[in-house]
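Everything on this sheet refers to the single structure shown next.
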Amino acid sequence: MLIYPLIKRFAYTGMALMALLSACQKPPVATTGSTPPPIPARKEESVYHFNAFDFTYLTAKGRLVFVNNGRDVNANADIRMKKDSAIWISLRPGLGIEAARIFITPDSVRIMDKLNNDFLGFTFDSLSKRLDIPVDFQLIQNTLLGNLPYDLGQANPIPEGEQYLLRKQQSNIDVIGYVGKQTARMEKLSLKDLSAPNRLEAVYGNFTSVENMLFPFVCNADLTFEPPGGNKTSLSFRFTHNKVELTREPLKFPFSRGNK
């Protein structure tokens with residue numbers, strides 16, 4: 001199977017960091033959310049406002065695609081999340097066989113190769129040092145949900161076409177978020193390393209109502225990374241959600257040999 005070697009190879013570059021980030025080619029027809037999205041304000045009446053996606057427990061299903069040097073690896077993805085506590089991802093490349101499982105907590109990221117019983121784990125501190133980018137649980141959670149990272153909401157909004165631009169510098173990273181005037185949700189995120197040729201761009205789309213909140217059912221993430229003394233790598237992560245549900249009932253996050 002190619003999927004686990006790819007995850008392992010890029011764990012320290014994009015960190016299944018963006019194995020989660022994800023997203024897509026053509027937006028699918030949404031199947032979740034019986035309540036229609038809020039009616040947007042008329043353009044001349046619009047003022048800056050951001051509606052964060054909030055939840056207690058979340059489950060999602062979709063299709064994840066890794067693209068590297070013209071080679072695509074496709075997998076079905078099941079995601080479970082507990083707010084501020086856990087992110088769990090199961091990847092199945094084909095035939096319903098689980099190839100890899102990812103478990104992220106505020107302390108660490110762990111990846112399990114279910115086919116070969118192999119494990120990979122690291123802390124956010126070690127990951128941040130390797131990437132020279134401040135990475136933590138909140139960054140990943142916010143990126144997955146399309147929420148603003150790095151307290152970007154405290155930046156002054158600048159009107160720019162159909163969006164508001166929010167900008168701040170986090171350590172040596174130039175962080176820019178674009179919030180749609182009509183959606184009041186983040187439609188694009190850009191992270192640029194000011195001291196190295198490292199860059200991440202994520203574009204969100206197909207916002208669909210889930211429990212009266214707009215959720216991005218598609219996202220394109222492109223990562224360019226060049227580690228000290230290493231080769232420049234360009235990697236794309238594409239994800240298409242086909243189902244997103246919220247619940248207050250506790251979810252399980254099994255992560256050990258033999259768990260299902």
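The CD atom of Glu98 sits 10.5 Å away from the CG atom of Asp113 when rounded to the nearest 0.5 Å. Of the inter-residue distances, the one linking Asn198 atom CG with Leu191 atom CG reads 11.0 Å to the nearest 0.5 angstrom. Once rounded to the nearest 0.5 Å, the distance linking CZ of Phe55 with NZ of Lys82 reads 10.5 Å. Distance check: Ile102 CD1 to Arg110 CZ gives 12.5 Å after rounding to the nearest 0.5 Å. Note: Leu200 CG to Leu139 CG = 8.5 Å, rounded to the nearest 0.5 Å. For the atom pair Asn76 CG and Arg63 CZ, the distance stands at 4.5 Å (nearest 0.5 Å).
Pairing each heavy atom of Tyr178 with each of Glu160, the nearest pair is CE2-OE2, 3.7 Å. Contact between Leu166 and Ala155 at its shortest, heavy atoms only, is CD2-O, 3.7 Å. Looking at every heavy atom in both residues, Leu152 comes nearest to Ile176 through CD2-C, 4.1 Å. The two residues Arg185 and Leu214 make their nearest non-hydrogen contact at NE-O, 2.8 Å. In plain terms, the two heavy atoms of Asp222 and Ser236 that are nearest each other are OD1-OG, 2.5 Å. The minimum heavy-atom distance between Pro149 and Asn142, with the atom names listed, is CA-ND2, 3.9 Å.
For Lys168, the salt bridge (Lys or Arg N to Asp or Glu O under 4.0 Å) test picks out no residue, with sequence neighbours left out. In terms of the salt bridge (Lys or Arg N to Asp or Glu O under 4.0 Å) criterion, Asp136 has no residue partners (sequence neighbours excluded).
Counting only heavy atoms from C-beta outward, the side chains of Thr123 and Asp107 never approach each other to under 4.5 Å. Within the 4.5 Å cutoff, side-chain heavy atoms of Ile97 are placed close to those of Leu115. Within the 4.5 Å cutoff, the side chain of Phe207 has heavy atoms near those of the Glu187 side chain. Using a 4.5 Å heavy-atom threshold, the side chains of Asp84 and Gln138 count as touching. At a threshold of 4.5 Å between non-hydrogen side-chain atoms, the residues Phe124 and Pro106 do not count as touching. Looking only at side-chain heavy atoms (C-beta outward), Asn147 and Met186 stay at 4.5 Å or farther from each other. You'll find the side chain of Thr56 stays beyond 4.5 Å of the side chain of Lys83, heavy atoms only. Asp174 is listed as a side-chain neighbour of Arg167, based on a closest heavy-atom distance under 4.5 Å.
Phe255 and Leu251 fall within a single hydrophobic cluster, where Ile, Leu, Val, Met, Phe, Trp and Tyr are joined by side-chain heavy atoms under 4.5 Å apart, directly or via other members. Leu165 and Tyr204 fall into different hydrophobic clusters, where Ile, Leu, Val, Met, Phe, Trp and Tyr side chains are chained together by heavy-atom contacts under 4.5 Å. Linking ILVMFWY side-chain heavy atoms closer than 4.5 Å, directly or via other members, places Phe119 and Phe253 in a single hydrophobic cluster.
Remark: the backbone N or O of Gln154 is not paired with any side-chain donor or acceptor of Asp151 at under 3.5 angstrom. Listed for the Arg80 side chain is a donor-acceptor partner under 3.5 Å among the backbone atoms of Lys252. Judged by distance alone, the side chain of Thr247 and the main-chain N or O of Glu245 form no donor-acceptor pair under 3.5 Å.
In Asn156, the CG atom is not crowded: 12 or fewer heavy atoms of neighbouring residues, nucleotides or ligands sit closer than 6.0 Å.
Using cut-offs of 30° and 60° on the angle between ring planes, the pair Phe53 and Phe215 is perpendicular.
A donor-acceptor contact closer than 3.5 angstrom links the side chains of Arg92 and Ser90.
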Please assess Thr208 against His241 for the test side-chain contact (heavy atoms from CB on, under 4.5 Å), listing each intermediate value before the final yes or no. CA-CA 10 Å; Thr208 302; His241 287 287; over 6 Å; no
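The side chain to side chain contact (heavy atoms under 4.5 Å, CB included) test with Glu211 singles out one residue from Leu246, Asp54, Leu58, and that residue is Leu246.
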